[in-house]
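Working notes for the structure below.
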There are 2 protein chains.
Amino acid sequence: MDIEISQQHQDDQQRVAIFKALADANRLRIIRVLYQAQREMTCSEVGAQLNISKSTVSYHFKALRLVGLTNTRQVAQTKYLSLQFTTFERYLPGFLATL
Amino acid sequence: MDIEISQQHQDDQQRVAIFKALADANRLRIIRVLYQAQREMTCSEVGAQLNISKSTVSYHFKALRLVGLTNTRQVAQTKYLSLQFTTFERYLPGFLATL
DNA sequence: TTTTTAGTTCGATATTTATCGAATTAGAAT
DNA sequence: ATTCTAATTCGATAAATATCGAACTAAAAA
């Protein structure tokens with residue numbers, strides 16, 4: 001019983017973190033761009049497309065990555081971002097399709 | 001085209017508001033309690049169950065109501081809260097089942 | 001080796017937010 | 001009319017967050 005409760009509590013921590021990550025217009029835009037492009041994108045690319053400073057984009061990229069909503073693949077100094085679909089499936093099944 | 005973009009933007013405003021509303025452990029607990037109870041609940045009732053002060057519960061109730069995640073039915077000075085399923089369906093289909 | 005490029009981190013700032021107890025409102029019950 | 005009950009609002013406070021430009025790091029290119 002205690003185990004179940006604390007498990008639920010832990011899941012809530014993760015849910016809160018994920019919702020926080022999604023509760024920002026720029027991060028939603030980043031997710032949409034990635035979803036619609038159906039491919040990886042770099043920091044600069046997203047920054048240019050959405051007209052946000054590179055430091056801010058970097059900040060948001062990190063926020064998304066930290067809660068497991070995105071993946072990073074690094075090639076030299078360039079980082080490619082993509083959606084981590086399993087996280088969406090698990091915590092927000094059907095959400096991406098609503099974008 | 002502009003119409004579609006601004007429509008998308010407006011939807012994002014709503015999405016951000018909804019995610020903000022869900023990005024709080026106490027509000028998630030309130031939603032779970034309402035979902036599992038499968039019935040309306042009052043401010044006091046929820047406050048007692050979750051051990052939160054009544055002013056804080058009232059604050060959270062309002063937050064949930066303002067973004068359309070819950071309904072209120074008032075009887076005299078007592079307010080009964082319930083989930084607004086249509087909002088969940090529209091913006092977070094399948095989410096409630098993950099709780 | 002110098003210069004360019006991609007991204008991160010830092011410092012500063014302004015805004016938002018969660019929380020509580022106290023005061024308040026409005027209705028119910030005595 | 002007084003008292004009790006349910007909920008909201010207020011004031012204060014502490015914590016989190018988004019943003020930018022500037023400084024920095026590390027790798028690629030020249």
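Per chain, numbering begins at 1; letters A, B, ... match sequence-line order.
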Item to check | Rounded distance (Å) that lies between atom P of C:dT17 and atom CG of B:Leu22 | outcome: 14 Å
Item to check | Check: A:Arg27 side chain, A:Lys20 main-chain N or O, donor-acceptor pair, under 3.5 Å | outcome: yes
Next on the checklist: Tell me the interatomic distance from B:Gln77, atom CD, to D:dA6, atom C1', rounded to whole angstroms.
Outcome noted: 5 Å
Next on the checklist: Does the protein touch nucleotides 9-21 of chain D at the base, only the backbone, or not at all? Give it as B, S and - per nucleotide, heavy atoms under 4.0 Å.
Outcome noted: B-------SBBBB
Checklist outcome for this item: When rounded to whole Å, the CZ to P distance for the pair B:Phe61 and C:dA18 reads 15 Å
Item to check | CD (A:Gln74) with more than 12 external heavy atoms under 6.0 Å | outcome: yes
Next on the checklist: I need the CG-P distance between B:Leu66 and C:dT16, as an integer number of Å.
Outcome noted: 15 Å
Checklist entry - Is the ring centre of B:Phe95 less than 6.0 Å from the ring centre of B:Tyr35? => result no
Checklist outcome for this item: When rounded to whole Å, the CD to P distance for the pair A:Gln74 and C:dT5 reads 19 Å
Checklist entry - Can you tell me how far C1' of D:dA7 sits from CG of B:Leu64, to the nearest Å? => result 16 Å
Next on the checklist: Checking side-chain polar atoms at under 3.5 Å, does B:Ser53 have a donor or acceptor matched by the opposite partner on B:Thr56?
Outcome noted: yes
Name the atoms and distances for all side-chain donor-acceptor pairs under 3.5 Å in residues 76-88 of chain A, with sequence neighbours left out.
from: A:Gln84; atom 1: OE1; to: A:Asn71; atom 2: ND2; distance (Å): 2.7
from: A:Gln84; atom 1: NE2; to: A:Thr86; atom 2: OG1; distance (Å): 2.8
from: A:Thr87; atom 1: OG1; to: A:Gly68; atom 2: O; distance (Å): 2.6

Item to check | Set of side chain to side chain contact (heavy atoms under 4.5 Å, CB included) partners for B:Gln36, sequence neighbours left out | outcome: A:Gln8, B:Arg32
